[in-house]
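Working notes for the structure below.
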Amino acid sequence: MKAIIEKDTIKTITTHYIDGAFVESHGREVMNIINPSNSQVIARVTLADEEDARRAIAAAGRAFANFGRTSKEERAKVLRRLHEVVSTRIDDLTAAMVDEYGGTVVFSKLIIEAAANTFLSAEKALDELPLTQSRGKTTVTLEPVGVAGLITPWNANSFFLSAKLASAVAAGCTAVIKPSELSSLQTRVWLDCLHAAGLPKGLCNVVAGRGDVVGAELVRNPDVAKISFTGSVAVGQTIMRDGAATMKRITLELGGKSPNILLDDADLDKAIPTALAIAFMNSGQACVAGTRLLVPRTRLDEVKRAILAAIRSFPAGDPRDPKTAVGPMVTRKQYERVQSYIHKGIEEGAEVLVGGEGHPKGLEAGYFVKPTVFVNVTNDMTIAQEEIFGPVLCVIAYENDEDAIRIANDTSFGLHAYISGTDLQRARRVASQILAGRVAINGLLDDQQAPFGGFKNSGVGREFGTYGIGAFLEPRAILES
Ligand code: NAD
């Protein structure tokens, strides 16, 4: 069955992936996919409904009967195969992310490559994780929890699909994925990879539909044992509340308002371009964006000059152009949300150092915003407390290290933090006092074996590495007399 029909350059997707096959949607609602660079409709997608979700859950349940009993080596084989098939379509996945989401081509390629690597990272972590341990006469085995519901956001869809599936498969779980409905083209290319992998039927099922329809069915269905969700705090709270009825195991990766502390011995030539890259990565639509730059008051003027010089390397523009650093916002709604925060920042007395309200010149046709840096921000302002999810950086002055730590932790979030400084011991001392799931010293760093997740409102549980696999496992102890 052909699921994408080229028709006057508008693609049509009418199928979901259930039980190892592309099947026509039971749901009838059709949604337009819009290219955010030019506001043109590029695809029409038929969304799944609860019945599609239930069929996918049933298929995953049947597949779990066998897959739940597989050995480490059998799961490793699946992970290697998934790596192989996703790796063959890096360029197509990148192109879909650029067209449908507006991700810059440079960032999109990096994130898709990272997506492919998640399968090998999970294989490595699985190898290191003992699934059976004996203590005296007691044997503890780590058992897969069952069918996992994996729910992803639009800002790095293929990465989250891959990372969540990798951990689930490593644990021996089968999956029903509910990707963001805004990411249907990327999901479709990713599904071609999945289909080409020739995995056991029902091991991974994908139903693209609305969150409050398909996502809600996954959360309430008693045959789903686990939900792994990446998205907003508000939806995370709904999932936690509604999942309680069936005692779901729940992992939540939510938002952030990450601090980036510039210690007073930081080398600004390196630290400022890095700070802008951290703030504007993925066009600012990144949960780990470092959006609060904490600067020693004594170096504030120097920092402002350095930002004005470095910002020239972060132009907004056509995401297909490799020189573009900031693409459009994903939707008109997201564009308006970012605009309203810029407006609010001005209203609350922050000063626009660069950027500001409206479209960048010449980019009026899409959902582009100006990469914006605010100075004279205090940490109690709305723009310093709420997640904007756009290219907006707040510069906040501090008096000394203790003050910087206090401001960094004065947030309801705790996903990520960044520190720049020359004295490594001092940077480590500061890092050890930050309430965040990850703290990166001197750079925009990643380690797929390190746990990823948040303190406070940034979430519950961890992904990646052995921690990520552990989130899909349940210990069983057998005690002998
Ligand atoms: P969102 O919460 O609106 O949606 C995320 C997913 O949840 C989508 O697939 C959506 O359809 C689904 N959903 C919506 N309502 C649901 C419901 N009632 N039940 C089940 N599922 C439901 O988030 P978004 O707008 O797609 O993404 C942006 C948000 O995601 C930001 O707040 C950002 O910080 C967060 N995010 C977090 C991380 C992280 O790892 N911590 C990473 C990326 C994005």
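Order of appearance sets the numbers: ligands from 1, and atoms from 1 within every ligand. None of the values given here were measured: they were computed from a predicted structure.
- Between Tyr17 and Trp190, the ring centre distance reaches or exceeds 6.0 Å.
- The protein non-hydrogen atom at the shortest distance from atom 39 (C) of ligand 1 is Cys287 SG, 3.2 Å.
- Counting heavy atoms closer than 4.0 Å to ligand 1, residue Val233 contributes nothing at all.
- Within ligand 1, the atoms closer than 4.0 Å to a non-hydrogen atom of Gly255 are 34 (O), numbered from 1 in the order shown.
- In summary, of the residues considered (Ile18, Val207, Thr14), a side chain to side chain contact (heavy atoms under 4.5 Å, CB included) with Val23 occurs for Ile18 alone.
- Per-residue contacts place Phe452 under 4.0 angstrom from the following atoms of ligand 1 (heavy atoms of the residue considered): 40 (O).
- From the protein, the heavy atom lying nearest to atom 13 (N) of ligand 1 is Gly211 CA, 3.3 Å.
- Lys164 places no side-chain N or O within 3.5 Å of a backbone atom of Glu463 that could act as its donor or acceptor partner.
- Around atom 16 (C) of ligand 1, the closest heavy atom drawn from Thr230, Thr152, Val235, Val219 belongs to Val235.
- For the pair Asp212 and Arg210, the salt-bridge criterion is not met [side-chain N within less than 4.0 Å of a carboxylate O].
- Counting heavy atoms from C-beta on, the side chains of Phe452 and Glu253 come closer than 4.5 Å.
- In terms of modelled atom types and a separation under 3.5 Å, the side chain of Gln449 and the main chain of Gly465 share no donor-acceptor contact.
- Remark: among candidates Arg210, Lys178, Arg337, Gln334, the nearest residue to atom 11 (O) of ligand 1 is Lys178, based on non-hydrogen atoms.
- Applying the side-chain hydrogen bond (donor to acceptor under 3.5 Å, both in side chains) criterion to Glu51, with sequence neighbours excluded, gives Arg55.
- Within the structure, the closest approach of Gly459 to ligand 1 does not fall below 4.0 Å when heavy atoms are considered.
- Short contacts between ligand 1 and Ile151, defined as distances under 4.0 Å to a heavy atom of the residue, involve ligand atoms 6 (C), 7 (O), 9 (O), 12 (C), 20 (C), 21 (N).
- In this structure a side-chain-to-backbone donor-acceptor pair under 3.5 Å is present from Asn379 to Asp410.
- For ligand 1, the atoms lying closer than 4.0 Å to a non-hydrogen atom of Glu253 are 37 (C), 38 (C), 39 (C), 40 (O), 41 (N).
- A donor-acceptor pair under 3.5 Å is formed between the side chain of Gln448 and the backbone N or O of Ala114.
- Every atom of ligand 1 with a heavy atom of Ser180 under 4.0 Å away is listed here by number and element: 9 (O).
- Side chain of Lys178 to backbone of Gly209: a donor-acceptor contact under 3.5 angstrom is found.
- Enclosure of atom OH in Tyr467 is not indicated, since only 12 or fewer non-hydrogen atoms of other residues, nucleotides or ligands lie within 6.0 angstrom.
- Near Asn155, the atoms of ligand 1 lying under 4.0 angstrom from a non-hydrogen atom of the residue are 43 (C), 44 (C).
- Protein heavy atom at the shortest distance from atom 35 (C) of ligand 1 is Gly231 O, 3.0 Å.
- In the candidate list Phe229, Phe389, Phe160, Phe159, Phe389 is nearest to atom 28 (C) of ligand 1, counting heavy atoms.
- A donor-acceptor pair under 3.5 Å is formed between the side chain of Glu100 and the backbone N or O of Ser184.
- Residue, atom and distance of the protein heavy atom nearest to atom 24 (P) of ligand 1 are Trp154 NE1, 3.3 Å.
- At distances below 3.5 Å, not a single donor-acceptor pair connects side-chain atoms of Arg249 with backbone N or O atoms of Phe472.
- Under a 4.0 Å criterion applied to the non-hydrogen atoms of Gly215, ligand 1 contributes the atoms 19 (N), 20 (C), 21 (N).
- Put simply, atom 4 (O) of ligand 1 has no protein non-hydrogen atoms near it, under 4.0 Å away.
- One N or O on the side chain of Thr238 and one on the backbone of Ala234 form a donor-acceptor pair closer than 3.5 Å.
- With a 4.0 Å heavy-atom cut-off, ligand 1 is reached by no atom of Gln285.
- Counting protein heavy atoms only, atom 31 (C) of ligand 1 is closest to Glu387 OE1, 3.5 Å.
- Within the 4.0 Å heavy-atom criterion, the part of Glu181 lying near ligand 1 is the side chain and not the backbone.
- Nearest protein heavy-atom contact of atom 27 (O) of ligand 1 is Pro153 CB, 3.3 Å.
- For atom 23 (O) of ligand 1, the closest heavy atom belonging to the protein is Ser232 N, 3.5 Å.
- Each of the following atoms of ligand 1 lies closer than 4.0 Å to a heavy atom of Ala216: 19 (N), 20 (C).
- Regarding atom 41 (N) of ligand 1, its nearest protein heavy-atom neighbour is Leu254 O, 2.4 Å.
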